[in-house]
Amino acid sequence: MNMKAVIPAAGLGTRMLPATKTVPKEMLPVFDRPAISYIVQEAVDAGIKDILIISSRGKEAMENYFDKNYELEERLKKDKKTELLKAITSTYNDARISFVRQIEPKGLGDAVLAAKAFVGNDPFAILYGDDIIAGEKAAIKELMEVYERTLCPVLGIKQVPHERISRYGCVELEKEPDGLLKVLSMVEKPSLQTAPSDFAILGRVILTPDIFPILEKGKKGKNNEVQLTDAMAELLLSKSFYACPFKGTHFDTGNKVEFLRASVMAALASSEKEAVKSMLKSIIPFLE
């Protein structure tokens with residue numbers, strides 16, 4: 001399936017201040033790589049070749065990271081550091097990455113609208129810029145497989161503790177005889193009393209271009225922003241949606257503790273695993 005990917009990464013990163021005063025939150029390192037590189041790699045691992053990153057003023061470091069650095073690459077070649085050379089060149093060799101700016105911080109829905117020309121008339125994947133999902137299989141690939149069966153929009157979901165559901169978009173589901181989960185309703189950041197379930201929309205979505213006329217209305221919702229969940233709820237009135245409970249572990253890298261957890265897990269999956277284990281054991285006495 002020829003699908004494009006859109007990565008909204010235009011947010012101000014206020015939850016990660018003061019670090020994000022001068023460094024885009026997407027460029028903060030999760031162990032040894034910028035956070036956004038994990039998300040781009042997930043799209044590449046799913047077979048997606050065309051990727052658009054929605055950026056904003058002051059985030060030129062992201063563009064530079066995915067660009068060619070002739071001087072550094074030549075130095076690594078000369079020093080025969082082939083693994084490091086591969087690490088800094090593989091992404092732009094494996095995918096076509098482009099950027100567009102969201103002019104004003106009007107919300108996730110407005111950021112997605114900036115991808116309209118890039119998307120054209122085809123379905124497209126959205127990988128939220130704050131959400132790293134680690135697993136054996138690319139989470140967005142799981143959603144793509146559901147899309148191939150249904151030809152309908154697909155929401156990536158996870159069950160969360162009830163007391164946390166008000167932080168997310170939330171869905172009401174119905175299981176069909178073939179095992180697929182059909183979405184009956186969705187709401188952005190519901191109260192604990194009105195939440196239709198404990199299943200949250202987390203970080204991954206596949207949509208069709210008929211979302212754009214709804215987003216173009218610019219209707220504002222929670223936090224006085226154009227909410228993508230609200231637009232999807234309106235589209236649900238005329239189009240079927242399905243949900244995919246992806247198997248990977250979700251990390252909200254816009255949260256300081258979750259960011260640290262993601263970094264530790266990435267370190268434990270690296271070639272330096274044993275050294276990291278020793279370090280973690282050495283700090284256990286400080287936890288008492």
Side-chain angles (χ1 to χ4, degrees), residues 7-9 11-16 25 35 39 42 105-112 125-135 139-140 142-143 146-147 150 152-176 179-207 211 214-215 219-237 239-262 265:
I7 303 177
L12 296 175
T14 53
R15 290 189 294 165
M16 296 295 285
K25 67 176 187 283
I39 301 169
E42 180 188 327
K106 294 181 180 179
L108 178 59
D110 182 73
V112 171
I126 303 175
L127 297 88
Y128 294 17
D130 280 346
D131 297 78
I132 291 176
I133 300 174
I140 198 62
E142 295 181 67
L143 271 68
V146 175
Y147 178 82
T150 63
C152 291
V154 184
L155 308 178
I157 61 168
K158 276 283 189 184
Q159 192 166 18
V160 300
H162 183 69
E163 63 272 14
R164 293 173 53 196
I165 193 63
S166 59
R167 305 178 189 177
Y168 306 103
C170 176
V171 292
E172 178 185 8
L173 303 169
E174 176 182 75
K175 191 170 185 178
E176 296 189 333
L180 289 171
L181 294 174
K182 191 170 186 178
V183 177
L184 300 181
S185 67
M186 68 184 90
V187 60
E188 178 67 18
K189 296 181 174 65
S191 67
L192 297 182
Q193 294 74 28
T194 61
S197 76
D198 290 336
F199 283 97
I201 304 169
L202 281 185
R204 303 294 181 265
V205 174
I206 290 178
L207 286 175
I211 194 70
I214 299 174
L215 292 173
K219 184 178 178 181
K220 295 183 178 180
K222 291 277 186 177
N223 302 324
N224 200 34
E225 295 180 338
V226 180
Q227 297 289 350
L228 182 61
T229 302
D230 293 345
M232 293 191 297
E234 184 173 338
L235 184 58
L236 180 62
L237 299 176
K239 193 180 191 81
S240 294
F241 273 67
Y242 286 84
C244 174
F246 54 81
K247 297 181 178 65
T249 302
H250 172 264
F251 301 95
D252 176 7
T253 58
N255 174 289
K256 293 176 183 178
V257 174
E258 276 287 289
F259 189 96
L260 178 61
R261 178 170 167 256
M265 294 301 291

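For the numbers below, each heavy atom of this structure counts, side chains included, while hydrogens, waters and symmetry mates do not.
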Rounded to the nearest 0.5 Å, the CG atom of Leu235 sits from the CG atom of Asp230 at a distance of 12.5 Å
Looking only at heavy atoms, the pair that brings Ile7 and Gly129 closest together is CG2-CA, 4.1 Å
With Glu172, which residues qualify under salt bridge (Lys or Arg N to Asp or Glu O under 4.0 Å), at least two apart? none
For the residue pair Thr194 and Val187, establish whether any side-chain heavy-atom pair is separated by less than 4.5 Å. no
Taking all non-hydrogen atoms of both residues into account, name the closest pair between Leu155 and Leu143 and its distance. C-CD2, 4.0 Å
With sequence neighbours excluded, what pairs up with Val160 under the side chain to side chain contact (heavy atoms under 4.5 Å, CB included) test? Ile165, Tyr168, Ala200, Leu202
Please list, chain by chain and in numerical order, all residues satisfying side chain to side chain donor-acceptor pair (under 3.5 Å) with Arg167, sequence neighbours excluded. none
Gap between atom OG of Ser185 and atom CG of Leu237 - 0.5 Å precision: 10.5 Å
Scanning both residues in full, the closest heavy-atom pair of Ala139 with Ile133 reads CB-CG2, 3.7 Å
Looking at every non-hydrogen atom in both residues, tell me the closest pair between Ile132 and Ala35 and how far apart they are. CD1-O, 3.9 Å
Which distance, rounded to the nearest 0.5 Å, do you find between the CE of Met232 and the CD of Gln227? 10.0 Å
Spatial distance of atom CE (Met16) from atom CG (Asn255) [nearest 0.5 Å]: 8.0 Å
Contacts of type salt bridge (Lys or Arg N to Asp or Glu O under 4.0 Å), residue Lys239, not counting sequence neighbours: Asp210
Would you indicate whether the side-chain heavy atoms of Leu228 and Ile126 approach each other to under 4.5 Å? yes
With Leu12 via side chain to side chain contact (heavy atoms under 4.5 Å, CB included) - residues at least two apart: Thr14
Please lay out, stage by stage, how Ser197 and Cys170 fare under the test side chain to side chain contact (heavy atoms under 4.5 Å, CB included). CA-CA 7 Å; Ser197 76; Cys170 176; 3.8 Å; yes
Give every residue pair that meets the salt bridge (Lys or Arg N to Asp or Glu O under 4.0 Å) criterion with at least one member in residues 183-207, sequence neighbours excluded. Glu42-Arg204
Rounded distance [0.5 Å steps], OG1 in Thr253 versus OH in Tyr128: 14.0 Å
Under the side chain to side chain donor-acceptor pair (under 3.5 Å) test, which residues partner Glu142, sequence neighbours left out? none
Can you tell me how far apart OG1 (Thr229) and CG (Leu236) are? Round to the nearest 0.5 Å. 11.5 Å
With sequence neighbours left out, write down each residue that passes side chain to side chain donor-acceptor pair (under 3.5 Å) with Gln159, or none if nothing qualifies. none
Please list, chain by chain and in numerical order, all residues satisfying side chain to side chain donor-acceptor pair (under 3.5 Å) with Asp110, sequence neighbours excluded. Gln102
For Arg15, enumerate each residue passing the salt bridge (Lys or Arg N to Asp or Glu O under 4.0 Å) test, keeping only those at least two apart in sequence or located in another chain. Asp130, Asp252
Throw together a table of side-chain donor-acceptor distances under 3.5 angstrom for residues 240-250, partners on residues two or more places apart or in other chains.
unit_1: Tyr242; atom_1: OH; unit_2: Glu176; atom_2: OE1; d: 3.4
unit_1: Tyr242; atom_1: OH; unit_2: Glu176; atom_2: OE2; d: 3.3
unit_1: His250; atom_1: NE2; unit_2: Asp131; atom_2: OD2; d: 2.3

